[in-house]
There are 2 protein chains.
Amino acid sequence: MTIEARPTPAAQEAAPSEDPLALDRQVCFALAVASRNVIGLYRPALEPLGLTHPQYLVMLALWQHGGLSVKELGRLLQLDSGTLSPLVKRLTISGLVTKERSQDDERSVVVSLTPAGRALRQRAEAVPHEVVARLGLSQDQLITLHQALLPVLRAVEHATP
Amino acid sequence: MTIEARPTPAAQEAAPSEDPLALDRQVCFALAVASRNVIGLYRPALEPLGLTHPQYLVMLALWQHGGLSVKELGRLLQLDSGTLSPLVKRLTISGLVTKERSQDDERSVVVSLTPAGRALRQRAEAVPHEVVARLGLSQDQLITLHQALLPVLRAVEHATP
DNA sequence: TACCGTTAGGTTGTACGCAACTGAACCGTG
DNA sequence: CACGGTTCAGTTGCGTACAACCTAACGGTA
């Protein structure tokens with residue numbers, strides 16, 4: 001996950017050193033820091049709603065799709081039960097969702113929105129705007145980033161485990 | 001952090017729905033999933049070295065810069081002492097680094113490589129190649145991603161807290 | 001020199017994220 | 001029907017992340 005040396009390094013913005021393990025060459029480091037820091041920008045926006053960023057993502061999934069099993073949440077958010085179980089439990093304690101075993105498959109647990117959970121959506125609609133404003137990126141830059149991330153998301157799915 | 005509706009949505013790859021909170025519009029979600037999953041690809045490559053990805057980043061910083069104080073590590077990796085203190089402690093237990101208080105400022109702790117830590121660098125040089133091979137992305141795609149991430153990293157630094 | 005605000009690193013508590021495991025429910029086959 | 005493999009949630013343990021707090025050391029000023 002390294003930017004390899006190029007014949008014309010002048011074409012690149014951050015001039016890479018000769019060191020193949022230099023931090024500024026590590027795309028994964030940039031990815032990790034960007035992700036951490038942007039999620040950090042969500043914190044002040046989400047705190048008034050009583051949500052963490054992963055909890056916000058679960059709420060987004062539920063607002064979009066209605067009731068979802070833990071398995072479906074895991075597929076949508078790319079998280080396993082070890083992460084989702086306690087997370088959903090906290091959302092339950094917050095009164096935003098309810099859990100009940102599925103009728104037709106007792107193994108499955110369906111997570112559904114409470115009225116409070118549904119009501120929270122209206123306040124959440126301001127969150128993305130607030131974060132973008134804080135970050136100060138243009139729509140074009142966001143779309144460019146999104147477009148650059150899509151191949152990665154696709155690649156990870158087919159990566160050799 | 002949402003891809004806004006556009007007059008010509010055909011120009012975008014993943015056709016966005018009308019829902020402004022739809023998951024596939026959330027750039028931050030794509031960023032978080034990409035970061036998590038790519039770090040996951042490092043796991044099997046780093047496990048033989050006895051390193052986690054954050055520990056690997058600390059080692060990269062030390063291989064590049066030599067001895068560093070915890071503060072400098074925090075600045076380079078964008079991590080605070082609450083994360084770095086136990087992390088460096090684990091590297092110390094692994095025998096890869098040593099800690100000693102700075103001579104000229106007793107508050108500061110300098111983290112240095114042990115011979116074992118220096119020796120590990122050679123084995124680490126194969127890691128990026130291995131991850132890129134696993135991921136199956138081209139150099140061009142990596143560079144595109146890196147270029148798209150740089151404005152975000154710059155933006156976060158100047159973001160309104 | 002004594003004081004006080006600042007800085008560096010560490011600790012505590014909470015919340016992910018994931019590997020590994022557990023137990024219950026499901027399901028195909030004999 | 002019985003049984004063995006599979007699937008689904010949940011739990012445990014470990015390693016980040018980060019806020020909040022603590023202590024020691026520093027450094028300028030009266």
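Proteins get letters first, then strands, A, B, ... in listed order; numbering begins at 1 in each.
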Between CG of A:Asp80 and P of D:dT11 the distance, given in whole Å, is 14 Å

message = Does a side-chain N or O of A:Gln78 approach OP1 or OP2 of C:dC18 to a distance below 4.0 Å, or not?
response = no

dist A:Gln103:CD -> A:Glu106:CD (nearest 0.5 Å) comes out at 7.0 Å

note: B:Leu73, atom CG; C:dA8, atom P; distance rounded to Å ~ 13 Å

Practice problem: Check whether any side-chain nitrogen or oxygen of B:Ser69 sits under 4.0 Å from OP1 or OP2 of C:dA8, and answer yes or no. | Solution: no

Fill in: Side-chain ion pair, B:Arg121 and A:Asp19, N-O less than 4.0 Å
yes

Practice prompt. Name the orientation class of the two ring planes belonging to B:Tyr42 and B:Tyr56 (parallel below 30°, tilted from 30 to 60°, perpendicular beyond 60°).
Written response: tilted

Per atom distances to the A:Arg107 side chain, the nearest of C:dG17, C:dA8, C:dA24 is C:dA24

Rounded to whole Å, NE2 of A:His53 lies from C1' of C:dG17 at a distance of 15 Å

note: B:Lys71, atom NZ; D:dC26, atom P; distance rounded to Å ~ 15 Å

From CG of B:Leu87 across to P of C:dT11 the rounded distance in Å is 14 Å

| query | C:dG10 base to B:Ser81 side chain: any donor-acceptor pair below 3.5 Å? | reply | yes

* Taking only side-chain nitrogens and oxygens of B:Thr52, does any of them come within less than 4.0 Å of OP1 or OP2 of D:dT16? -> yes

Does a nitrogen or oxygen in the side chain of A:Arg36 sit under 4.0 Å from OP1 or OP2 of D:dC18? yes

To the nearest angstrom, the CD-C1' distance between A:Glu47 and C:dA15 comes to 14 Å

| field | side-chain N/O B:Thr83 vs D:dA17 OP1/OP2, d < 4.0 Å | value | no

Answer yes or no: does a side-chain N or O of B:Arg101 lie under 4.0 Å from OP1 or OP2 of C:dA8? no

Sorted by position of nearest nucleotide on DNA chain D, 5' first, the leading residue of A:Gly40 and B:Asp104 is A:Gly40

Review point. Does A:Lys99 have a side-chain nitrogen or oxygen under 4.0 Å from the phosphate oxygens OP1 or OP2 of D:dA9?
Key: no

Taking D:dC26, D:dG10, C:dG9 as options, the one with an atom nearest any side-chain atom of B:Val70 is C:dG9

Exercise for review: Decide whether B:Ser69 and B:Glu72 meet the rule of one side-chain donor and one side-chain acceptor closer than 3.5 Å.
Suggested key: yes

Taken to the nearest whole Å, CG/A:Leu84 to P/C:dA15 is 16 Å

Assign B:Arg90 to base, sugar-phosphate, or nothing according to its heavy-atom contacts below 4.0 angstrom with the strands shown.
base

Inset, instruction - Give a yes/no answer on whether the side chain of B:Ser108 brings an N or O atom under 4.0 Å of OP1 or OP2 in C:dG9. - result: yes

Review point. When you measure from the side chain of B:Arg101 to the backbone N and O of B:Arg107, does any donor-acceptor pair fall under 3.5 Å?
Key: yes

Taking for B:Arg43 and for A:Glu106 the nucleotide of DNA chain C with the nearest heavy atom, the one nearer the 5' end belongs to B:Arg43

(request) Using a strict 4.0 Å threshold on nitrogen-to-oxygen distance, state whether B:Arg134 and B:Glu130 make a salt bridge. (result) yes

Checking D:dC26, C:dG10, D:dG10 against the side chain of A:Val109 (C-beta onward), the nearest is D:dG10

Rounded to whole Å, the CD-P distance (A:Glu72 to D:dT7) equals 16 Å

